[in-house]
Amino acid sequence: MEKARERIPVVAANWKMNKTCAETVNFLSQFLYMVEDVNAQVEVLVFPPFTALRSATTFLQAEKPRKIFPEIGAQNMHWEDSGAFTGEISPLMLKELGIHHVIIGHSERRNLFKEDENSILKKVEAAIRHQMTPIICVGEKFQEREEGLTEEVVKNQLLSILQLFKKTEFTDFMIAYEPVWAIGTGVAASPEDASDVCRYIRALIGSIISPDVAAKVRILYGGSVDVKNFRDFILEPDIDGGLVGTSSLDLKKFVELVKIAGNYG
Ligand code: 13P
């Protein structure tokens, strides 16, 4: 059944710690060439490592805009504009490069780099202050799922963030539901299970912020998305796209995912 598209689908490539500047530009230039004739409404976001951001944005500025044209985003940022924070990158530095999208609270940041709810909240606050679109990642661990705690975990991760958005006029954000056990494992959630959680998240947005915002916010699924399973995810009414790791590193697969999102593949 064809899904009515009230929200433009999103395909987002989280490259994590992969690809050099040269590889990034090479990928983007081939990508533009390969989607030249794709006449679909899809928002494509590419999140290269920090070191490749400048090359990516400079390259794209020199290209002709076309129907499918990637936006470059950052995988993380600090909440302060400047200061003694060795190794960190500020929102101002990203804005200077023309970057408006930032991933916040990815499970690898939470688990490997010990980011807590408080720092994630401060990052969301910084994104709002700088009018950047945060892609806020949430998701349960395997044990939590086994214990039936998925909704509670996701709610705890989102509560103070949604209350923060409620206090501002700025509601340009996306949520990525990424069950931790599905990331990089080749074992994706079932589209039905992912859809249940995304529907729950949308209802939470509706009850905390407003039904209008809930109807507008794009909620993505992430975790072992590939060309075989992606169509089933985006056919679910509450899943508006994918935050893709491994499969986004492969140009042909990524192009295919974009076509699938645009109902073109
Ligand atoms: P994989 O697509 O490799 O499972 O990674 C998902 C992810 O973490 C995207 O942010």
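The chain is numbered in sequence order, starting from 1. No hydrogens, no waters, no symmetry mates; every other heavy atom, side chains included, goes into these values.
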Salt bridge (charged side-chain N to carboxylate O under 4.0 Å, His left out) between E6 and K216, worked out: CA-CA 8 Å; E6 68 276 21; K216 196 187 79 177; over 6 Å; no

Side chain proximity check, E88 to E80, heavy atoms < 4.5 angstrom: no

Hydrophobic cluster membership, V225 vs I201, 4.5 Å side-chain cutoff: yes

Mutual orientation of the aromatic rings belonging to F254 and F31 [parallel < 30°, tilted 30-60°, perpendicular > 60°]: tilted

Point-to-point distance, once rounded to the nearest 0.5 Å, from OG1 of T150 to CG of D193: 8.5 Å

Verify same cluster id: L251, L60 (apolar side-chain graph, 4.5 Å): yes

S224 to N229 - nearest heavy-atom pair and separation: O-ND2, 2.9 Å

K67, NZ: over 12 other non-hydrogen atoms inside 6.0 angstrom: yes

Over 12 non-hydrogen atoms of neighbours within 6.0 angstrom of NZ in K166: no

Stepwise salt bridge (charged side-chain N to carboxylate O under 4.0 Å, His left out) test for R199 and D238: CA-CA 6 Å; R199 190 175 319 111; D238 279 300; 3.5 Å; yes

Rounded distance (nearest 0.5 Å) linking atom OH of Y221 with atom CD1 of I219: 14.5 Å

Spacing of N156 atom CG and L149 atom CG [to the nearest 0.5 Å]: 9.5 Å

What pairs of donor and acceptor atoms, side-chain ones from residues 126-137 against any protein atom, are under 3.5 angstrom apart with sequence neighbours left out?
{"unit_1": "R129", "atom_1": "NH2", "unit_2": "W79", "atom_2": "O", "d": "2.8"}
{"unit_1": "H130", "atom_1": "NE2", "unit_2": "D81", "atom_2": "OD1", "d": "2.8"}
{"unit_1": "T133", "atom_1": "OG1", "unit_2": "D172", "atom_2": "OD2", "d": "3.2"}

R145 charged N/C atom sitting above F142 aromatic ring, 6.0 Å / 45°: no

Flag, side chain of R218 to backbone of P9, donor-acceptor distance under 3.5 Å: no

Mutual orientation of the aromatic rings belonging to W15 and F27 [parallel < 30°, tilted 30-60°, perpendicular > 60°]: perpendicular

Value rounded to 0.5 Å, distance of CD1 in I120 from CG in N76: 9.5 Å

Main-chain N/O of V244 paired with S248 side-chain donor or acceptor, under 3.5 Å: yes

Separation between CD1 of I8 and CD of Q41, rounded to the nearest 0.5 Å: 4.0 Å

Modelled atom types, side-chain donor and acceptor of N26 and K19, under 3.5 Å: no

